[in-house]
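Read through the structure below, which is laid out as structure tokens, and then see the notes.
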Amino acid sequence: MSEQGRSRNRSIWIGGVEVKPGERKTIDVRGSKLYTHTPVTMPVQVLCGRQHGPVLFISAAIHGDEINGVEIIRRLLKVPALKRLKGTLLAVPVVNLHGFINQSRYLPDRRDLNRSFPGSNKGSMAGRLARLFMTEVVSQATHGIDLHTGALHRFNLPQIRADLDDPEALRLAKAFGTPVILNSELREGSLREAAGQNKIPTLLYEAGEALRFDEVSIRGGVEGILRVMRALNMLPPSKRLQQKEPVMARSSAWVRAPQSGIFRAFVREGERVLKDQTVLGVVSDPFGESEQEIRSPYSGIIIGLLKLPLVNEGDAVYHIAQFYRTDIAADRVESYQESLEAHDYPYSDHAMNNI
């Protein structure tokens with residue numbers, strides 16, 4: 001076989017539809033029906049490059065209220081460099097259509113889709129959707145990126161979570177370029193666990209909060225995916241300046257409210273905190289008669305925080321990633337945010353809409 005023949009990409013089939021090399025198609029993969037007899041579909045856009053290369057799936061809204069990822073994929077699909085794609089890109093902006101329509105994290109059966117993988121054709125609604133996504137999309141991929149946000153009223157600093165003991169996952173996590181990489185064990189029933197069992201290295205990008213767009217988180221997601229695609233040789237190299245080496249945290253922990261009341265936060269996401277020195281915030285009753293400080297029990301960087309000031313005793317209010325050198329971690333976060341907030345940033349909403 002000639003070199004040209006060996007480098008030509010193969011067709012890919014999604015939902016019974018063939019996408020040939022050089023084609024780009026949006027396919028509605030049919031799932032179950034609503035009780036109104038209305039069919040429910042999972043939209044997938046397939047970009048099949050002319051040349052052979054990896055097959056990368058990118059998914060969002062597995063939790064239906066985590067909408068940052070939907071916008072990340074929308075902007076990604078407008079990037080002109082995709083015209084020179086090697087390999088195949090499978091973009092699924094809304095996996096959990098039920099939750100997305102209802103602005104809910106869960107499916108109508110109240111199950112968490114990200115605890116229902118690999119799913120079953122004879123299981124619950126969540127199990128059947130998980131099985132459909134695994135069969136039609138994930139099983140055909142060589143690599144994956146799953147986009148998430150914090151839960152309702154909880155904001156996450158842009159971060160990559162991955163199994164850092166997997167050399168390929170570690171390589172791609174570094175390529176993504178977030179300032180913080182968190183070693184995250186595979187949770188039973190999660191998409192990452194199911195993909196891992198199929199030898200598909202998968203990154204989880206956490207940024208922002210549910211039901212809210214966060215511009216920095218969106219820009220970081222678009223650029224991070226493009227960096228991974230370049231690391232996989234799916235796209236040509238970029239002339240943009242490279243980010244500083246990210247820092248890796250092997251552990252993290254939540255700090256909880258010591259009493260019920262009104263929570264006033266004193267530090268923001270990305271800030272450096274010192275053990276027993278930094279006052280994270282104060283919880284008081286509505287009259288201010290009972291007031292209690294929350295001091296940081298660890299040294300590290302704030303990677304998640306509660307945005308709702310109403311708390312019950314024991315509620316998680318701050319998520320702290322722990323590092324050997326917290327000063328270096330803080331510098332990485334600051335540099336990252338400054339680069340994404342630049343006026344001439346190429347993946348801003350304004351810039352992408354002018355393409």
Side-chain angles (χ1 to χ4, degrees), residues 52-60 62-63 66 69 72 76 86-92 95 112-119 130 133-135 137-149 156-207 220-221 223-235 242-253 300-301 303-304 319 321-324 328-329 332 336:
H52 178 73
V55 179
L56 174 67
F57 81 82
I58 304 171
S59 57
I62 277 183
H63 294 134
E66 297 182 357
I72 290 170
L76 172 72
K86 293 181 181 179
T88 302
L89 177 64
L90 308 176
V92 191
V95 179
D112 185 335
L113 181 56
N114 209 29
R115 297 294 178 270
S116 303
F117 286 94
F133 183 52
M134 286 294 299
T135 302
V137 177
V138 179
S139 64
Q140 304 203 65
T142 59
H143 301 79
I145 302 175
D146 190 24
L147 307 174
H148 286 261
T149 74
N156 281 337
L157 179 79
Q159 60 197 263
I160 284 292
R161 299 182 183 180
D163 177 9
L164 301 185
D165 293 324
D166 179 339
E168 181 69 352
L170 176 59
R171 181 178 77 90
L172 298 181
K174 290 181 176 180
F176 198 101
T178 57
V180 173
I181 299 173
L182 187 63
N183 186 57
S184 180
E185 295 182 357
L186 299 176
R187 292 190 176 184
E188 185 177 356
S190 69
L191 170 60
R192 280 204 305 128
E193 181 195 50
Q197 289 175 349
N198 285 274
K199 308 300 182 184
I200 303 167
T202 301
L203 305 182
L204 190 153
Y205 176 63
E206 284 273 6
E223 175 145 324
I225 293 169
L226 292 173
R227 287 176 179 273
V228 168
M229 294 179 75
R230 294 185 189 106
L232 291 170
N233 295 317
M234 297 178 73
L235 294 177
Q242 295 298 307
Q243 295 282 359
K244 295 181 178 179
E245 181 80 6
V247 289
M248 291 175 283
R250 284 281 175 175
S251 63
S252 66
I301 298 294
I303 61 170
H319 193 191
Q322 300 166 55
F323 304 92
Y324 177 68
I328 294 177
R332 297 293 188 271
Y336 180 78

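In terms of heavy-atom proximity, Glu206 sits nearest to Thr149 at OE1-O, 2.9 Å. The shortest heavy-atom contact between Leu191 and Phe117 is N-CD1, 3.5 Å. Between Gly69 and Ala60, the closest heavy-atom pair is C-CB, 3.5 Å. In this structure, Ile303 and Gln159 approach most closely via the heavy-atom pair O-NE2, 3.1 Å. Considering every non-hydrogen atom in both Gly220 and Tyr336, the closest pair reads CA-OH, 3.3 Å. Residues Gly119 and Ala130 come closest through the heavy atom pair CA-CB, 4.0 Å.
Leu235 CG to Ile225 CD1: the interatomic distance, rounded to the nearest 0.5 Å, is 11.0 Å. Summarising the geometry, atom CG belonging to Leu203 is positioned 10.5 Å from atom CD1 belonging to Ile58; distances are rounded to the nearest 0.5 Å. Put simply, CD1 on Ile160 and CE on Met248 are 13.0 Å apart, with the number rounded to the nearest 0.5 Å. Separation of atoms CD (Gln140) and CD1 (Ile200) is listed at 10.0 Å; rounding is to 0.5 Å. Separation of atoms CG (Asp146) and CZ (Arg161) is listed at 11.5 Å; rounding is to 0.5 Å. Note: His148 NE2 to Asn156 CG = 11.0 Å, rounded to the nearest 0.5 Å.
The ring pair (Phe, Tyr, Trp, His ring centres under 6.0 Å) pairs that include a residue from residues 162-205 are Phe176-Tyr205, where partners are two or more places apart or lie in different chains.
Within the 3.5 Å criterion, the main-chain N or O of Leu164 finds a donor-acceptor partner in the side chain of Asn183. Side-chain atoms of Arg230 never come within 3.5 Å of backbone atoms of Ala175 as a donor-acceptor pair (strictly under, hydrogens ignored).
Between Leu113 and Val95 there is a side-chain heavy-atom pair separated by less than 4.5 Å. Two residues are said to be in side-chain contact when any heavy atoms from C-beta on lie closer than 4.5 Å; Ile181 and Lys174 meet this criterion. In this structure, the side chains of Val92 and Phe57 stay at 4.5 Å or more apart for every pair of heavy atoms.
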Legend entry - Working for side chain to side chain contact (heavy atoms under 4.5 Å, CB included), residues His143 and Val228: CA-CA 10 Å; His143 301 79; Val228 168; over 6 Å; no
Inset, instruction - List the steps, then state whether side chain to side chain contact (heavy atoms under 4.5 Å, CB included) holds for Phe323 with Ile328. - result: CA-CA 9 Å; Phe323 304 92; Ile328 294 177; over 6 Å; no
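Tested against Ile145 for a side chain to side chain contact (heavy atoms under 4.5 Å, CB included), the candidates Thr202, Leu56, Ile72 yield a single pass: Leu56. The side chain to side chain contact (heavy atoms under 4.5 Å, CB included) with Pro54 is formed by just one residue from the set Leu89, Thr88, Leu232; it is Leu232.
Ser190 pairs by the side-chain contact (heavy atoms from CB on, under 4.5 Å) definition with Asn114, Arg115, Arg187, Arg192, Glu193, not counting sequence neighbours. With sequence neighbours excluded, the residues satisfying side-chain contact (heavy atoms from CB on, under 4.5 Å) with Gln322 are Ser251, Ala253, Tyr298.
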